[in-house]
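Protein chains get the first letters and strands the later ones, always in sequence-line order, with residue 1 at the start of each.
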Amino acid sequence: MQEVSFSYLDELNDVQRQAVTCLEGPVMVIAGPGSGKTRVLTYRIAHLINSGVAPWNILTLTFTNKAAKEMKSRIEKVVGSKANKVWAGTFHSIFARILRVEAHRIDYPNDFTIYDTDDSKSVIKEIVKTMSLDPKVYNPSAILSRISSAKSNLITPKNYVKNEDLMNYDKMNRRPMTHLIYDKYVAKCMRAGAMDFDDLLLQMFRLLYQNPDNVKQKYQAQFQYLLVDEFQDTNFLQYEILKQFVSYEGSDNNICIVGDDAQSIYSFRGATIENILQFENDFSNVNTFKLEQNYRSTSYIVNAANEVINYNKKQIDKKIWTDKQEGQKIKIIKTMSDNEEGRRVADTIIEQKNRFNLRNQDIAILYRTNAQSRVFEEHLRRFNIAYRIYGGLSFYQRKEVKDLLAYIRLTANPKDDEAFKRIINYPKRGLGNTTVSKLIQIAEENEMSLMEVVLQIELKARPKKIIGDFVAMMKSFTNKAAQTNAYDVAIYIAQKTGITGLLKSDTSAEGIGRLENVNALLDSIKEFVENDELEDDEEVMDKSLSRFLQTITLMTDQDKESDNTDVVTLMSTHAAKGLEFKSVFVVGLEENLFPSFMSLSSPHQIEEERRLFYVALTRAEMYLTLSYANSRYQFGQMRFNDPSRFLEEISEENIDNITILRNSGSGMSSKPSGGGFGQPKILGNFKRLEPSKVNQALQMDPKDFKQSPAASIKEGMTVMHLKFGLGKVKSVDARRVATIHFSDIRDNPDKRIMLQYAKLQIIEEDD
DNA sequence: GGGGGCTATGGGGGG
DNA sequence: CATAGCCCCC
């Protein structure tokens, strides 16, 4: 038996240590920015394991895969490879994983499709059309947001009709039929074997609440210890699911929530601050710990952030402080135009790099809307500063990527009507709106999926031939999928459909970009198939199309592996939550932009914008620069905005250069930013796609590599891995999963490799 | 009935 | 400024 070391407890301050060691019963940790929240969470899990709790009895829910991954790797440093057995992931991905096993109990196929927001809107659009309603009044985004909020509050279509507030609200907005659309939407998704993002939560709740075959007791027994990160961002439904897991007769109520009400910035997707305020009422004997010492930022920054957040009324009482030195005062950059803002920020970055010896990766530019990234890209490129943009149009939302994905989706789930509609006439096969509309109408009348309709319907000669060929092609894909892995199927699909050929024939810059994106998708499928490393326990050996789809639909740009290149980070303030940088630029600090024009009418929304600003400020460790422009191109025209009200909430003593904020512009306008550059967006996005995951140094020349047969790998051997380098096989288990120690890997050198897919070459038989 | 080009409209944050 | 819907032509 290995000696258990508790030395990590020495790395904690008093409150942190109490929060880590108070293992039983409900615990609430209020954690200010930079207060060591992640450290507390990870050490708490490590401490649970060291105290004898089985790792698979621990469930940790976060909001990004990245956070979950980082947490796992940090736990591993304390407790070793046992950390892999902890259930850690986002709400959506953990529930998707459970539903893949249990969905049949609530009348969904286990390989259900996940509809993204575009799919959902498209479903709504079609319903609006078939109901002959005005699509301008019944705007799909608005309707979806109503449906989403209903689902997040556990209001079924039936209860929606009974709810006077909701019905009156819809009437007032001239959308009295919203409840009917909701009803039809639910039915349609069900018929398509599809869950939208909210369904991943809602159906999880339904599963537990309806409790077929006592499935709830199974998971209650499974998850004996719950930890929830960023609890202030949970919505009503998420909290209700947590209660289902935790609240039952004889339960120890082992739930630990960590959050900061001052950083609640997701109310637009249903998050409610009430959850954190209610927690102490919902559970008895809650142990509450407040982490108030900020270890991240210098005192000018902490003071400024405190000043700003004090303008908000509703808050949990706490005092964030730091014993760090004063540091540099906050710098404010004022410019005439958005273009000049880009230039000045780039100038300042150069200056800071020289003066303070910063690397690119120490620096971040944070903005309110993704559309603001362009000017900064232009000027960073002019100075040859490497950068990476996060967010914006996700890779998987690109048309060409979605087109190929639609074929893959329809292959995995023939009832996926959104996928069907997307590709029934792409690439062009001579099937027009008239025929497609007819199919949709028949499907609607008979409550069938489009694929079912197509298999039965009698058509005229021409469309009959076209559709017959299409069905035959899809059938060949299904057959292929049953025989081989996701990559081989995907390649087959890309060629057989003519997508590859079609894109190759387009030699324009955009066409080349599209082809590269499709190739990047194929590469990522290849990577998925060839990934021989076992990361978590369940089903990972499954290399099928539907498993691939599951992994990507819930992936966001931030979750992608970052190569270790030294780049300046450009991202929205929302995306920056949880991150820290030595130097932070918060840009576009103007009324109508930050705070957003969408929020100006309501004091609550202004408070949320202020919390967002607070999050932005507190990302900075040492240098904080705020900027605004007197004029900028917005919505295709020149706009003039006042400086943000938030700037005035920081007192002068924390600011480096006192600037007169209001109405200080001379009439001069510098040249506005036109297009100028080729396709900054495409270039910027490509930077994110580079698949190089591991240091170049570790990789060997594939030509010199000769793969050894999987069966020949035995314990004690020294092997070469194409990606990880030299390693020693420590053990091989019954499922043919080898644990191999790679000495070149600094973080977590012990990798669990699936020999079935292993790319290993035997270097030495034994020692 | 289907395909291509033009005009009009909307435009936040994200799983 | 990008996409969707519409209109016109084949």
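- Residue A:Thr435 places at least one side-chain N or O under 4.0 Å from the OP1 or OP2 atom of B:dG2.
- One atom, NE2 of A:His604, and another, P of B:dG13, lie 23 Å apart when rounded to the nearest Å.
- Centre separation under 5.5 Å together with a plane angle under 30° holds for the ring of A:Phe268 and the six-membered base ring of B:dG13, marking them as stacked.
- Distance, A:Asn370 CG to C:dC1 C1': 16 Å, rounded to whole Å.
- For A:Thr434 against B:dG2, a side-chain-to-base donor-acceptor contact under 3.5 Å is absent.
- Atom CD1 of A:Ile265 is separated from atom P of B:dG14 by 9 Å (rounded to the nearest Å).
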*Starting at the 5' end of DNA chain B, what dot-bracket string do you get if Watson-Crick and G-U pairs under 3.5 Å are bracketed, crossing pairs use [ ], other-strand pairs use | and unpaired bases use dots?*
||||||||||.....
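- Using a 4.0 Å heavy-atom cutoff across all strands shown, A:Gln372 reaches no nucleic acid atom at all.
- Within the nucleic acid shown, A:Thr573 has no heavy atom closer than 4.0 Å to any nucleic acid atom.
- Within 4.0 Å of A:Ser596, counting heavy atoms only, lies at least one base atom of the nucleic acid.
- The distance from atom NZ of A:Lys577 to atom P of B:dG13 is 16 Å, rounded to the nearest whole Å.
- Below 30°, between 30° and 60°, or above 60°: for A:Tyr367 and A:Phe376 the angle between ring planes is below 30°, a parallel geometry.
- The residue A:Lys125 sits close only to the backbone: its heavy atoms come under 4.0 Å of sugar-phosphate atoms, none of a base.
- Looking at heavy-atom distances under 4.0 Å, A:Asn425 makes contact with sugar-phosphate atoms alone, never a base.
- Judged by distance alone, the side chains of A:Asn370 and A:Ser572 never bring a donor and an acceptor atom under 3.5 Å apart.
- Taking the six-membered ring for Trp and thresholds of 30 and 60 degrees, A:Tyr108 and A:Phe112 have ring planes more than 60 degrees apart, a perpendicular arrangement.
- Heavy-atom distances to DNA chain B give each of A:Asn433 and A:Glu608 a nearest nucleotide, and the one nearer the 5′ end belongs to A:Asn433.
- A:Phe63 comes within 4.0 angstrom of the backbone, heavy atoms only, and of no base.
- Of the N and O atoms on the side chains of A:Thr272 and A:Asn235, not one donor lies less than 3.5 Å from an acceptor on the other residue.
- Between A:Leu593 atom CG and B:dG13 atom P the separation is 10 Å, expressed in whole Å.
- The separation between A:Glu230 atom CD and B:dG13 atom C1' is 15 Å, rounded to whole Å.
- Side-chain N/O atoms of A:Glu609 and base N/O atoms of B:dG12 include a donor-acceptor pair closer than 3.5 Å.
- Distance from the side chain of A:Phe635 is smallest to B:dG11 among B:dG1, B:dG11, B:dG15.
- A:Asn110 and A:Arg100 form no side-chain donor-acceptor contact under 3.5 Å, judged by distance and modelled atom types alone.
- For the pair A:Phe597 and A:Gly430, nearest-nucleotide mapping onto DNA chain B gives the more 5' position to A:Gly430.
- In this structure, A:Lys136 atom NZ and C:dT3 atom P are separated by 20 Å, rounded to whole Å.
- Looking only at side-chain heavy atoms (C-beta outward), A:Ser152 and A:Asp198 come within less than 4.5 Å of each other.
- By the 30° and 60° cut-offs, the orientation of the rings of A:Phe63 relative to A:Phe91 is tilted.
- Side-chain atoms of A:Arg269 and base atoms of B:dG13 include no donor and acceptor less than 3.5 Å apart.
- Atom CD1 in A:Ile466 sits about 10 Å away from atom C1' in B:dG1, given to the nearest Å.
- Side-chain atoms of A:Ser644 and A:Glu590 form no donor-acceptor pair, as typed in the model, at a separation below 3.5 Å.
- Nearest to the side-chain atoms of A:Thr90 among the listed nucleotides B:dG15, B:dG3, B:dG1 stands B:dG15.
- Side-chain atoms of A:Thr130 and A:Glu444 form no donor-acceptor pair, as typed in the model, at a separation below 3.5 Å.
- Counting any heavy atom pair closer than 4.0 Å across all strands shown, A:Tyr266 reaches sugar-phosphate atoms only and no base atom.
- At the phosphate of B:dG15, neither OP1 nor OP2 sits under 4.0 Å from any side-chain N or O atom of A:Ser93.
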